[in-house]
Amino acid sequence: MIEEKILSTADTADLSHDRRRVTILGSTGSIGRNTLDVIGRSKGEFQIEALTAHSNVKLLSEQAREYNVPFVALADDSGYSELKDALAGTATEVAAGPEAVIAAAARNADIVVGAIVGAAGLRPTMTAVRRGATIALANKECLVCAGALFMEEVAKHQAVLLPVDSEHNAIFQVFDFNNADSVEKIILTASGGPFRTCTREEMAHMSPAQAVAHPNWDMGAKISVDSATMMNKGLEYIEAYHLFPVRQDQIDILVHPQSVIHSMVSYHDGSVLAQLGTPDMRTPISYALKWPKRLTIPAKRLNLVEISRLDFEAPDEIRFPAIRLAREALQTGGGAPTILNAANEIAVQGFLKGQIGLLDIAAIVEETLAVMGSHNISRIQDVHDIDDNARVIAQSLMEKLSR
Ligand code: NAD
Ligand code: MG
């Protein structure tokens with residue numbers, strides 16, 4: 001069981017070409033833009049095969065022109081003609097609709113960067129997995145909603161899965177895969193988000209603008225709200241369980257407000273290995289793009305004298321119940337993590353639109369899990385069905401609350 005979870009290793013990856021061809025699913029987002037920044041600085045190392053976005057025609061067309069991209073896909077097909085016009089006179093092939101995003105993932109790139117937000121990334125990312133590509137995965141929701149099945153497909157198709165999420169990338173850098181038995185624990189660090197020191201009463205009144213203003217990281221709106229509720233750390237806990245050959249009781253969460261230590265692995269001999277750096281996603285992105293080598297990245301260098309101290313505290317599951325909900329969902333297994341993720345996506349959207357308060361997010365997730373009960377997952381269609389149902393239930397719970 002544990003061996004099965006070990007990531008595919010170098011011998012299954014054929015990344016020997018001079019220029020790696022890269023497809024970015026979600027190129028207009030925070031991770032997507034950072035990925036293009038890394039690629040733009042590494043002249044001659046990479047060429048772009050395809051880019052996809054949800055609806056940002058302007059940025060997608062600019063990216064396509066700048067990187068001379070053969071294929072672009074827009075998930076929202078209402079922007080098709082505008083995108084076509086914006087790329088008139090170029091050699092770029094343009095397509096739109098969810099199937100077009102899947103077609104982008106199916107193209108023959110060496111590396112597919114999974115940077116779509118939410119379970120919407122599952123189908124396209126799975127398409128890339130099934131052709132045995134190397135996946136640089138930021139889209140943690142894929143692993144949360146379809147974890148075991150996703151990893152089975154990775155193994156079956158000899159895809160290579162490289163974590164981009166900074167904590168998991170850190171663990172990947174210090175985890176001794178050849179001696180997985182010598183690992184005692186993996187320790188996921190958490191900044192604690194913008195409301196780390198707030199009371200529940202204070203959190204109840206926080207606006208979307210306050211929630212997305214993260215102290216250390218500049219990220220998309222959804223993950224920023226997840227950081228504010230600490231659901232992000234809950235999702236990452238589930239993500240870590242699927243990525244690394246460890247049991248659930250071997251995963252710890254540690255609040256570390258400076259975000260200098262990105263995560264750690266402790267070994268049976270008492271050694272603790274950590275990866276450190278300033279908070280800049282270009283570091284883990286570049287590690288995944290060039291793995292097993294490294295690129296030169298102009299991330300601000302770590303100055304420990306200037307920082308002078310590093311703080312740590314235990315996570316508070318009373319003020320941040322999302323961590324408990326994620327832990328329990330993983331323990332319950334079956335469809336519970338899928339429900340947790342789907343209900344969270346709906347509740348976060350509702351919060352961002354001002355329909356519910358911050359504390360309602362975890363409450364809706366908990367209630368959706370209770371209403372849905374237990375579900376088995378044996379094939380990927382089960383994941384999609386449970387995800388759809390959970391969204392309907394979460395939506396109706398939210399409407400009741402906002403009335
Ligand atoms: P973002 O909102 O900035 O970007 C999301 C991207 O996905 C955009 O390109 C958008 O067009 C696309 N997209 C959104 N909905 C879509 C849909 N239905 N179909 C197709 N495409 C769609 O998000 P982000 O912050 O870049 O995060 C992306 C993923 O990476 C998330 O899963 C997040 O948890 C993870 N992640 C992000 C960071 C970070 O620093 N931003 C760090 C770690 C992990
Ligand atoms: Mg992270």
Side-chain angles (χ1 to χ4, degrees), residues 1-8 137 140-152 154-155 161 163 165-193 226-227 229-256 261-275 312-341 344 362 365-366 369-370 374-377:
M1 163 69 186
I2 278 187
E3 289 76 34
E4 281 169 19
K5 294 204 293 169
I6 297 180
L7 298 177
S8 306
L137 189 71
K140 64 193 84 183
E141 294 91 346
C142 283
L143 278 175
V144 174
C145 71
L149 286 183
F150 191 93
M151 294 308 292
E152 270 170 33
V154 167
L161 189 54
D165 207 349
S166 58
E167 296 76 3
H168 307 74
N169 188 272
I171 294 168
F172 184 66
Q173 293 194 39
V174 295
F175 195 104
D176 186 353
F177 287 97
N178 294 319
N179 295 295
D181 286 351
S182 63
V183 170
E184 199 161 66
K185 288 213 157 165
I186 60 182
I187 302 147
L188 286 174
T189 51
S191 69
D226 285 345
S227 299
T229 59
M230 290 197 77
M231 180 59 90
N232 185 48
K233 214 46 57 179
L235 301 178
E236 290 183 351
Y237 176 88
I238 299 175
E239 179 186 17
Y241 173 79
H242 292 297
L243 281 172
F244 303 108
V246 291
R247 300 180 311 271
Q248 193 175 345
D249 64 312
Q250 288 175 288
I251 310 173
D252 279 356
I253 294 173
L254 176 68
V255 175
H256 163 45
I261 298 179
H262 296 310
S263 277
M264 301 181 255
V265 176
S266 70
Y267 290 87
H268 285 305
D269 65 357
S271 299
V272 180
L273 303 194
Q275 187 259 356
F312 304 96
E313 52 194 67
D316 182 345
E317 295 192 0
I318 307 292
R319 284 185 305 129
F320 297 100
I323 302 176
R324 170 181 58 81
L325 293 173
R327 193 166 30 75
E328 289 171 357
L330 180 59
Q331 213 147 23
T332 305
T338 316
I339 298 167
L340 171 103
N341 179 67
N344 182 58
V365 170
E366 184 152 29
L369 281 159
S374 63
H375 290 266
N376 286 331
I377 288 183

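Counting from 1, the numbers follow the sequence of the chain as shown.
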State whether Arg324 and Glu366 are salt-bridged, where the test is any N-O pair (Lys NZ or Arg NE/NH1/NH2 against Asp/Glu carboxylate O) under 4.0 Å.
yes
[atom1]/[X] to [atom2]/[Y] distance, rounded to the nearest 0.5 angstrom?
X: Ile261; Y: Ile187; atom1: CD1; atom2: CD1; value: 9.5 Å
X: Glu239; Y: Leu188; atom1: CD; atom2: CG; value: 8.5 Å
X: Ile186; Y: Phe244; atom1: CD1; atom2: CZ; value: 6.0 Å
X: Glu317; Y: Ile253; atom1: CD; atom2: CD1; value: 7.0 Å
X: Leu235; Y: Leu325; atom1: CG; atom2: CG; value: 11.0 Å
X: Thr189; Y: Ile171; atom1: OG1; atom2: CD1; value: 8.0 Å

Would you say the side chain of [Y] lies within less than 4.5 Å of the side chain of [X], judging by non-hydrogen atoms?
X: Phe175; Y: Leu243; value: no
X: Val174; Y: Met264; value: no
X: Leu143; Y: Met151; value: yes
X: Glu167; Y: Lys233; value: yes
X: Tyr267; Y: Val183; value: yes

Gln250 (side chain) donor-acceptor with Glu184 (main chain) under 3.5 angstrom
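Yes, Gln250 side chain to Glu184 backbone: donor-acceptor pair under 3.5 Å.
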Hey, is the main chain of Arg319 close enough, under 3.5 Å, to the side chain of Asp316 for a donor-acceptor pair?
yes
Go through the structure and list residues passing salt bridge (Lys or Arg N to Asp or Glu O under 4.0 Å) with Asp269, not counting sequence neighbours.
none
Heavy-atom closest contact ([X] atom, [Y] atom, distance):
X: Ala190; Y: Met230; result: CB-CE, 3.8 Å
X: Ala170; Y: Ser263; result: CB-N, 3.8 Å
X: Phe320; Y: Gly192; result: CZ-O, 4.3 Å
X: Gln248; Y: Tyr237; result: CG-OH, 2.9 Å
X: Asp249; Y: Arg247; result: OD1-NE, 2.9 Å
X: His168; Y: Glu236; result: NE2-O, 2.9 Å

More than 12 non-hydrogen atoms from neighbouring residues, nucleotides or ligands closer than 6.0 Å to CG on Asn376, yes or no?
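Count not over threshold, so no.
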Can you list, pair by pair, the side-chain donor-acceptor contacts under 3.5 Å of residues 329-340, counting residues two or more places apart and other chains?
unit_1 : atom_1 : unit_2 : atom_2 : d
Thr332 : OG1    : Glu328 : O      : 2.8
Thr338 : OG1    : Cys145 : O      : 2.8

